[in-house]
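Notes to accompany the following structure.
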Amino acid sequence: MDHKVTFGGKPVTLVGNRCKAGEKAPSFTVIDAALQPVPSEDFRGKVRIFSVFPSVDTPVCSLQNIRFNREASKLSDDVVVLALSVDLPFAQKRFCAAEGIDHVHVFSDYKELDFGMKYGFVIDELRLLARGVVVVDRDDVVRYVEYVPEITHEPDYDKALAFVRDLAK
């Protein structure tokens with residue numbers, strides 16, 4: 001299903017399967033810093049935050065990663081944060097080293113857009129991922145989804161984290 005958000009005030013089209021709270025979370029595979037595939041099943045049994053963003057090389061994306069890294073350090077071991085973009089793993093690795101990102105697992109969806117298509121975050125016009133947050137519980141059920149309406153804005157961290165804290169009890 002197509003759905004629209006804006007990027008710098010201009011409409012863009014998101015493609016893929018828009019996920020909804022209450023649905024089973026689709027499995028996906030992304031690429032790690034060593035260019036190895038990582039299946040989402042590696043994180044089953046934990047509460048998962050998928051922090052989705054266009055590129056580590058933009059100020060808002062940088063802020064989003066820094067914020068979730070800080071928040072992840074305060075969460076229980078039952079919670080994992082996966083940061084997802086189509087940046088090449090080399091750029092992600094450089095960014096994480098420069099910003100001290102050490103509590104978030106940063107992965108690339110550049111190769112197959114597997115996450116982006118299964119969760120409906122692919123910007124058709126740009127082949128980037130839109131900004132948003134998905135929270136999945138221990139039983140692989142989507143509990144919270146935010147497609148940020150204006151991609152240049154930050155997500156609602158507090159709302160997503162409230163869901164996470166409730167699920168982590």
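Below, each value reflects all heavy atoms present in this structure, side chains not excepted, and no hydrogens, waters or symmetry copies.
- T29 and E112 form no side-chain donor-acceptor contact under 3.5 Å, judged by distance and modelled atom types alone.
- Formation of a donor-acceptor pair under 3.5 Å by the R131 side chain with backbone atoms of E154 is not found in this model.
- For the residue pair D87 and S55, a side-chain donor N or O sits within less than 3.5 Å of a side-chain acceptor on the partner.
- Ring geometry, Y144 versus F163: the interplanar angle falls from 30° to 60°, so the pair is classed tilted.
- In terms of modelled atom types and a separation under 3.5 Å, the side chain of D139 and the main chain of V141 share no donor-acceptor contact.
- For the ring-ring contact (aromatic ring centres under 6.0 Å, His included) criterion with F50, the lone passing option out of Y147, F28, F121 is F28.
- Checked by atom type and distance alone, the side chain of E146 never pairs as donor or acceptor with a backbone atom of A160 at under 3.5 Å.
- Distance check, rounded to the nearest 0.5 Å: CZ of R94 to CG of D57 gives 4.5 Å.
- A 6.0 Å sphere centred on CG of D102 holds more than 12 heavy atoms belonging to other residues, nucleotides or ligands.
- Using modelled atom types, no side-chain atom of D140 and backbone atom of V136 make a donor-acceptor pair closer than 3.5 Å.
- P26 has its side chain out of reach of N17: every pair of non-hydrogen atoms, C-beta onward, lies at least 4.5 Å apart.
- Atoms CG and CG, from D156 and L161 in turn, are 9.0 Å apart once rounded to the nearest 0.5 Å.
- Atom NZ of K93 is surrounded by 12 or fewer heavy atoms from other residues, nucleotides or ligands within 6.0 Å.
- Side-chain atoms of Y119 and V52, non-hydrogen and from C-beta on, never get closer than 4.5 Å to each other.
- Here the side chain of D109 pairs no donor or acceptor atom with the backbone of V30 at under 3.5 angstrom.
- The CZ atom of R138 lies 15.0 Å from the CZ atom of R44; values are rounded to the nearest 0.5 Å.
- The CZ atom of F68 lies 9.5 Å from the CG atom of L75; values are rounded to the nearest 0.5 Å.
- Applying the 6.0 Å contact sphere to CD of E41 captures more than 12 heavy atoms from other residues, nucleotides or ligands.
- A donor-acceptor pair is defined here as one N or O able to donate and one able to accept, closer than 3.5 Å; such a pair exists between the side chain of E125 and the backbone of T13.
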